[in-house]
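The next block holds one structure in the form of structure tokens; read it before the comments.
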Amino acid sequence: MTPRLTSSCIGPAIVALCLLAVALALGWPLLTPALRAGPAQHYDIPRMVLVYATLPRLATAILAGAALSLSGALFQIVLRNPLADPTTLGVSAGANLALVLTMLFFPALLGLGRDVVALIGSAVVAILVVGLGARRGFSPFSLVLAGLVISLWCGALSAVLMLLNSHYLVSLFIWGAGSLAQQSWDIPISLLWKLAVIATGCALIIRPLSLLELGEDGASARGLRLQHLRALVIACGVALAALVTSAVGVIGFIGLVAPTIARLSGARRPAALLVWSSVTGALLLLVADETVQLLAGDLGDFLPTGAVTAVFGSPLLLLMLPKLRIRHRLQKSVGPARPEIPPLRSMLWAALLLTVLAVAISLMLGRPADGGWGWLSGDLLNDILPMRAPKVFSALASGAMLSVAGVVLQRLTGNEMASPEVLGINAGAVFGVAIAVFCLAAPGLGSQLGFAAIGAIAVITMIFLFSVRSGFAPERVLLAGISLSAMVDAVVGVMTTTGDPRALLLMRWMSGSTYNADMTSTIIVSGAAIALIAVALSARRWLDILPLGGLPAASVGVCLSRSRLALFCLAGLMSAAATLSVGPLSFIGLMGPHLAREAGLLRALPQMAGAAAIGGILMVVADFIGRTVAFPYQIPAGLVSALVGAPFLIWMLRRKA
Amino acid sequence: MSSPIQAWRFPSPMSAERDPTTLSRRALLGALASAALPASRALAAATPRIVSLDYGLASTLLALGIVPIAISELADWDKFVVDPPMPKGVADLGSSLELNFEVLLALKPDLILTTPYLDDLLPRLGAISRVLRVEIYSEESGRMLPAAIKATRTLGLQIDRQAETEAYIARADALFEDCRRRLSQVARPPVVLCDFLDARHARVFSRPGLLTNVLERIGVKDAWPEASNYWGFQTIAIEELSKVSDASAKLIAFDPIPDDVLPKLKRSPLWQALPFAQPGHFRVLPPTLLFGMLNEAMRFARLITDLLEAET
């Protein structure tokens, strides 16, 4: 290494050493009981477990962590986007979906090659995402937005398939969620040689990668074939992620956190970044896995490590966030040129009409006991309508509220990816309710709402604190939100694996189901929706001015701190109320505002009204489909909304920038 | 990072077939139904319209000659219960945890059979029709086979089919005696009953479970050294199977086994070093409802007797 490289290695080396120390400290209690055991009897349980279960598991953690971080680092370098990693680009989710589909419908194919199936799945997703990104000039946000949307869609489809086949596929759940449990050395050994091959390939392209620093024009001027290099590097990243997903399921977060930590601790050049990302990622996943094994005890194998990596990655990321300098110039996303918009008034009337139509159909059309289709009539009307009405109106109110909250957040942070979901506000509300359910004996609706609101506002405050000093730089806000959301998700997930019956209830509610909606909760939610949306509409002046930036807004007379605080709290309240009635919906808050904007509603008032209508209609339709398509089984509306909404949004993103 | 999808990544470790969560806390709801209802005369007349929310109760109904008008999770009957086959024309109520109340309401049943597992739904069920809550698996039940017989008698009393019930119980007794007689003439190695959750974990069934009681009845020894919880099972890691000290013991696993388990076990040294990995010490039985009632006990008795007879 040249002297310049060595000096930039001190920072990452220190981080690596710290992680190594923690890993060794945690590994000690895991390994010593077996080593201390007496003379080997015929089947010495501790020794067998050590050699064939614990050590392979630790080896797998190291290799999977290294592979995912390498993949993340590659994506981040070639796409010049600090938010890219296999999870945010949807690559892991695509591989997972391909494996689930094959396992359920073509099990014979799995025998031929699990890895091939995973590679195909992730390749398809990668092509889709990168293709969409290319159309918008590789703007970092559209790339991550496309990846996020596709990842959500793949995840929702996997979840629905597993839901409908849940009885004998418990192992499918645990494996798909990133369980590192092993019973032989097969997986670590196969991962090792595959990783070695790809890593060698990466070593060969480090030089061309450094040329990317010069920017597109500079690099082509030096003779670099940009398209080929991009394709090759992305292929390597995709292959790494697919291989890990095929071996141990989806492990989130490591690919995002490790390269960021490596970069923030001083590894700047591509070679150093690749090496130190891998090292940091390997140690990070090792520490996470050891902690899971120690804390969970006997249930350690049932708690998938992949799902809780966020608990370890997020605090680290949040700690280092202030040091994140915006190296990559972020392109402003340009809205597509609009050919001709129909008059506003007629659009809003159309929206109203569609809403009424959707509600009416959802209420009256259903599937009677014999499995056909039928309209409600006669005396069934009196029995069944009171059961359907709460669900439909809860869905309508919650969808509208979340959409409007999304509009408020996007305008407030000036960042088109903000939404209650992405910013972790929904997760905060869920966390609040989880605490209420587990700590209070029988929390009533009022106290649940209170806890949810507190949770949501707590998350908002934390994001505020983490990003206010940078003036709400979009990157910081997003990273902070993603970290918090993932962390809260993971903690709630851990609470639910305890097998407690309340946890099962919490889980069902968390997937966005209107199953438990009744008259009282519907009235409260609808009332809240009307009140809060009215407040939001009345704040339209602020919402028109704030996206222009802090200085222009202040110069026009908008009190920045007061308006921001008020709007944040409003968004938090709306998310809390909506989350409480139908669980955290995974999509509407992100998608509603985008669809409204793509439809031509650019100013605050029309966008909010349009988003409310779109969000409401979408949730009603999702609830309807969830209740009828797998009759008599019911699919949670939250999952269906992701399945239905994502293709819409992808189609809209296809339009060239 | 999306909460709904994360939610489905965290299953309960015991959700393979049923979630035997500790619902005995719902004691306050135990005051409902159970043994305190007077028998309804009206049910004796025509065939009663009965809905069953539990597989065991549904199969008992079939044995008593009544076809339920609807059960929950009908789609999986053939995968988990298999025998007796559910006749056509029975409506499906969807998943037990998310029962389709629209179908239930439209069917207008006379009686709904439920278990403590679904206590959450009791208020809503009570609004639709009469509910009979039969408690078989609970901390106070003790040994399962007598508890199942007692529950069968309770059910028979409530639907006014006492004669059929006694005949049914007598048939079961006769079957167990016949199995005992057949097995007394062949070699009877001790057995360990299990089902695989994944390649690393399994549930072992031992006392006071239903299946172990059946083994005692027909004269086969249970080789597992420890007792289980009141549902009759214990979740273990594969290597703990080495706790079985009897070298002649056979491991009997129940279908359905997840597809990737057996190939992985073949390649796992943890499994290969077990005495059960030797040829002839590991057998797989067709699916049997593991937390069922008398019918399931009879099916298991038949299956294990056929197996042990064929081995010699």
Side-chain angles (χ1 to χ4, degrees), chain A residues 43 45 48-49 52-53 107 152 155-156 159 162-163 166-171 173-174 176-177 181 183-184 186 252 299 301-302 304 307 366 368-369 380 383-384 387 421 426-427 430 482 485-486 489 493 496-497 499 501 504 507-508 510-512 515 583-586 632-634 636 638-639, chain B residues 1-17 19 21-23 25 70 73 75-76 79-80 91-95 97-98 100-103 105-107 120 196-201 237-240 242-243 256 258-261 264-265 267-271 273-275:
Chain A
Y43 191 108
I45 291 188
M48 291 289 280
V49 169
Y52 294 109
L152 280 174
M162 287 200 257
L163 178 65
S166 65
H167 281 293
Y168 46 97
L169 290 175
V170 183
S171 58
F173 277 121
I174 299 177
Q183 59 278 331
S184 69
D186 277 356
L299 288 179
D301 286 341
F302 287 116
L380 273 184
D383 292 327
I384 295 192
M387 253 194 319
E421 213 288 317
N426 281 351
V430 170
I482 291 175
S485 167
D489 273 348
T496 54
T497 35
L504 291 176
M507 246 174 61
R508 286 205 322 266
M510 266 170 68
S511 50
Y515 190 67
L585 302 176
S586 77
Y633 296 84
Q634 286 145 120
L639 289 178
Chain B
M1 75 173 87
S2 66
S3 310
I5 291 153
Q6 282 280 54
W8 289 105
R9 294 202 197 155
F10 290 100
S12 156
M14 301 173 281
S15 57
E17 185 189 301
D19 291 351
T21 50
T22 53
L23 287 168
R25 293 175 225 164
E73 306 193 32
D76 285 338
K79 290 191 189 78
F80 284 109
D92 192 350
L93 287 175
S95 149
L97 291 171
E98 278 208 1
N100 196 319
F101 275 92
E102 289 186 15
V103 176
L105 240 138
L107 286 173
D120 277 336
F196 286 101
L197 295 174
D198 62 22
R200 193 82 175 73
H201 300 90
I238 298 279
E239 61 270 7
E240 291 180 62
S242 63
K243 286 187 194 161
D259 285 329
D260 58 334
V261 168
K264 275 195 189 159
L265 285 181
R267 302 181 57 96
S268 165
L270 287 176
W271 170 258
L274 286 174

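Here is the naming used below: chain letters follow the sequence lines, and residue numbers restart at 1 for every chain.
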Measuring from atom CD of E73(B) to atom NZ of K79(B), what distance do you get when rounded to the nearest 0.5 angstrom? 11.0 Å

To the nearest 0.5 angstrom, please state how far the CE atom of M48(A) sits from the CG atom of L274(B). 7.0 Å

Does Y52(A), at its OH atom, have more than 12 non-hydrogen atoms belonging to other residues, nucleotides or ligands within less than 6.0 Å? no

So which of A53(A), S184(A), P632(A) has the largest heavy-atom pair count under 4.5 angstrom toward chain B? P632(A)

Quick check on L93(B) against chain A: is it the side chain, the backbone, both or neither that has a heavy atom closer than 4.5 Å? backbone

Using 0.5 Å steps for rounding, measure from the CE atom of M387(A) to the CG atom of N100(B). 7.5 Å

What part of A75(B) lies closer than 4.5 angstrom to a heavy atom of chain A: side chain, backbone, both or neither? both

